[in-house]
Amino acid sequence: MKKSNDWWRQAAIYQIYPRSFKDSDGDGLGDIRGITSKVEYLKSLSLDAVWLSPFYPSDLADGGYDVADYRNVDPRLGTLKDFDKMLKALHKADISVFVDIVPNHSSNKHVWFQEALKSAPGSAARNRYIFRDGRGKNGELPPSDEISHFAPSAWTRTTNSDGTPGQWYMHLFAPEQPDFNWDNREVQLDFIKTLRFWADRGVDGFRIDVAHALKKDFKRLHIAKKSMNGFKIAQDGTDILFDRNEVHEIYREWRKVFNEYNPPRVAVAEAYVQAKRRMLYARPDELGQAFNFDLLGEEFDARRFKKIISDNIRLAQSEGSSSTWVLDNHDRVRHATRYGLPKKTDLVQWLLSDGTSAKLDRKLGLARANAATMMLLALPGCTYIYQGEELGLFEVEDLAHKDLQDPTWHRNVVPQMVKGKVSGLALIHTEKGRDGCRVPLPWDSTKPSFGFGNKKSHLPQPNWFADHAVNKQDGKKGTTLSLYREALALRKKLQTGEELEWIATTNPEVIHFTRPNGWQCIMNFNGRPYKLPAGKVVLASGPITGGKIPANTTVWLIP
Ligand code: TEU
């Protein structure tokens, strides 16, 4: 079925983390054929689209976000032929497909980077990346004090062919992820080639990784100090590293390419910047949409949710976009876990303690997670769902250190102090990382690796995954899977204009809104049971008794 040009404005999009979705050949890694084998399952969720995290050839220094070849499939995950078959099967099920574009950096195994290493300073090959001479007498100090996202330095020194130390190259993330020089036209054109490569195959949309980082101020690079987190980015587009005004020129050029296709290809920016700046990436002549991570970082709190929702709808409208809603992704602690921990729990410390520093209330967490998802699905705009949410999965908080893969765990180092002075850098793990939300899905509780593959899975699954397996929830009332299926199917039927009207409630712990066709959503965060307003209840995230909505519950009504 041909979709309208604005099909994406209020879509339900499911994120697949391919290596952890379904393993068809038993090597422990999820693969493309695995996805194809689950098209019926995806269809049963009434999705509009799926977004695939990177499946390209990669050394997996950062879960595939270190891409060695942008126009191919990792041989461990399949072939381009497998990809085409998967695309065809998904399209047949009326599910569009987004692929992940990682333009800020490649893998150090990319042919261009390998060529750069072998080439002389100042060569065209080096100019595709960011190579600089070091500071100090013999160039022994990095070109700036810039910190990488996976700490410590954002610069790594190279070795010349004769064994002597050479220039340094910049990487905002791991040393295996060298940053491209986006002032270089060759780099710009190569990404356009990549976009066309996938769009020509029939890919419908693109998720753009760290979309705000591509352009850097090379004149001031030597004084750059920042890392991704913990520092404020200038709000006027003049930061040395992030969210620079010129970055938008790139996306305006991409939009022209997207619009050559029919229907136009769509895109969503991942930009960790403040809401107002984020919307610039979502302008109609740029990417069209940007992830709104505001709820993802928020406590389970009615007033905060209401404010974030109002602000984001207004901001999206002001730029001609529709809002997006996200509670989970492959980088964050799963929302069923976040909402089951005491308020203000430090998630980094909690993970480092293997979940012992605070008590997780699983029943509460799941009730709240399901209530929040149902509320999100009633909002105008596009909702992103991360694989496993629909099974009520929690974060796997107690993965053994030996099993961890995330560079966040392996690379975080802290200064070692001797008598109040920095004496060096020590490898002390400061974050456990993101593996706990990337553990392979449980499909069948009776099978090895719970039906993910046939023996092992690349990250070990805990025993409690069995209770969440698809076979345990399929077709059973009251399960999280059934709730997601019902909610997503109903949402499709009820979907209406992009407006939302708030309805006053007698309790600030309860939020209530209606959509243009009279579809109402009421969510009781934490209050006393709340009297059901007039209307026909079509779905509830939990049991309703005596005409009242209990705490941690969401209800949909129609006139
Ligand atoms: O994430 C960008 C990013 O900034 C995240 O690392 C984020 O700050 C962090 O995870 C919040 O907890 C993207 C990808 O989503 C991530 O998986 C990659 O590691 C990163 O880019 C580098 O490509």
Side-chain angles (χ1 to χ4, degrees), residues 15-20 51-56 58-68 70 98-110 147-151 154 170-180 182 191 206-214 226-233 239 241-243 247 268-274 277-278 281 290-298 324 326-335 337-338 346-352 384 386-387 395 404-412 430-438 459:
Q15 180 189 356
I16 293 181
Y17 192 74
R19 290 179 180 81
S20 297
W51 143 39
L52 270 55
S53 277
F55 49 79
Y56 317 108
S58 167
D59 266 9
L60 305 185
D62 181 18
Y65 283 90
D66 46 321
V67 181
Y70 291 89
F98 280 57
V99 298
D100 215 312
I101 298 293
V102 190
N104 180 66
H105 44 264
S106 70
S107 154
N108 57 348
K109 297 295 162 64
H110 191 286
I147 300 163
S148 104
H149 188 50
F150 299 132
M170 197 188 115
H171 50 87
L172 283 177
F173 293 88
E176 295 89 347
Q177 294 168 294
D179 279 38
F180 280 116
W182 267 92
F191 271 92
F206 301 95
R207 178 259 188 198
I208 314 302
D209 191 64
V210 278
H212 60 306
L214 277 44
K226 303 183 179 183
S227 77
M228 294 292 288
N229 296 333
F231 294 88
K232 283 223 164 80
I233 297 173
D239 191 272
L241 300 170
F242 298 108
D243 192 32
V247 82
V268 58
E270 187 219 29
Y272 277 94
V273 293
Q274 289 183 19
R277 298 284 307 175
R278 180 171 70 218
Y281 297 78
F291 285 129
N292 152 21
F293 293 130
D294 297 352
L295 290 176
L296 216 167
E298 198 45 73
T324 64
V326 187
L327 289 174
D328 276 344
N329 65 29
H330 66 296
D331 289 334
R332 305 293 276 260
V333 173
R334 284 188 178 275
H335 77 307
T337 294
R338 297 200 309 268
D346 180 331
L347 294 172
V348 170
Q349 292 311 316
W350 185 75
L351 283 179
L352 274 173
Y384 283 84
Y386 175 52
Q387 68 175 42
E395 187 82 3
L404 298 176
Q405 302 173 4
D406 187 1
T408 316
W409 165 256
H410 292 287
R411 305 245 177 251
N412 260 300
T430 53
E431 279 187 53
K432 198 165 175 191
R434 303 164 295 180
D435 293 310
C437 63
R438 301 175 178 183
L459 281 167

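Everything numeric in this text was worked out from a predicted model, so none of it was measured. Just so you know, ligand 1 is whichever comes first in the structure, and atom 1 is the first atom listed for that ligand.
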Who are the ring-ring contact (aromatic ring centres under 6.0 Å, His included) partners of W182, not counting sequence neighbours?
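W182: ring-ring contact (aromatic ring centres under 6.0 Å, His included) contacts with F191.
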
For R434, run the side-chain contact (heavy atoms from CB on, under 4.5 Å) check against L351, D406, L404 and tell me which one passes.
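Output: one option passes, namely D406.
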
Do the side chains of S106 and F180 get nearer than 4.5 Å, heavy atoms only?
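Answer yes - side chains close enough.
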
May I ask you to list the atoms of ligand 1 that are less than 4.0 angstrom from any heavy atom of [X]?
X    : value
R434 : 6 (O), 10 (O), 16 (C), 17 (O), 18 (C), 19 (O)
D62  : 18 (C), 19 (O), 20 (C), 22 (C), 23 (O)
R332 : 12 (O)
H105 : 22 (C), 23 (O)

Report yes or no: does a heavy atom of H212 sit under 4.0 Å from some atom of ligand 1?
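No heavy atom of H212 comes that close to ligand 1.
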
contact_flag R438 ligand 1 heavy-atom lt 4.0 Å
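For ligand 1, residue contact (heavy atoms, under 4.0 Å) with R438 is present.
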
For R207, all residues meeting side-chain hydrogen bond (donor to acceptor under 3.5 Å, both in side chains), sequence neighbours excluded:
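Partners of R207 under the side-chain hydrogen bond (donor to acceptor under 3.5 Å, both in side chains) test: D100, D209, E270.
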
Please assess Y65 against H330 for the test ring pair (Phe, Tyr, Trp, His ring centres under 6.0 Å), listing each intermediate value before the final yes or no.
CA-CA 12 Å; Y65 283 90; H330 66 296; 5.1 Å; yes

Selected option - heavy-atom contact closest to atom 12 (O) of ligand 1, from D331, D406, T408:
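Comparing heavy atoms across D331, D406, T408, the nearest one to atom 12 (O) of ligand 1 lies in D331.
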
Please state which part of E431 comes within less than 4.0 Å of ligand 1, counting heavy atoms only: side chain, backbone, both or neither.
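No part of E431 is near ligand 1 at this cut-off.
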
Centroid-to-centroid, Y384 to F291, below 6.0 Å?
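So the answer is yes for these two rings.
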
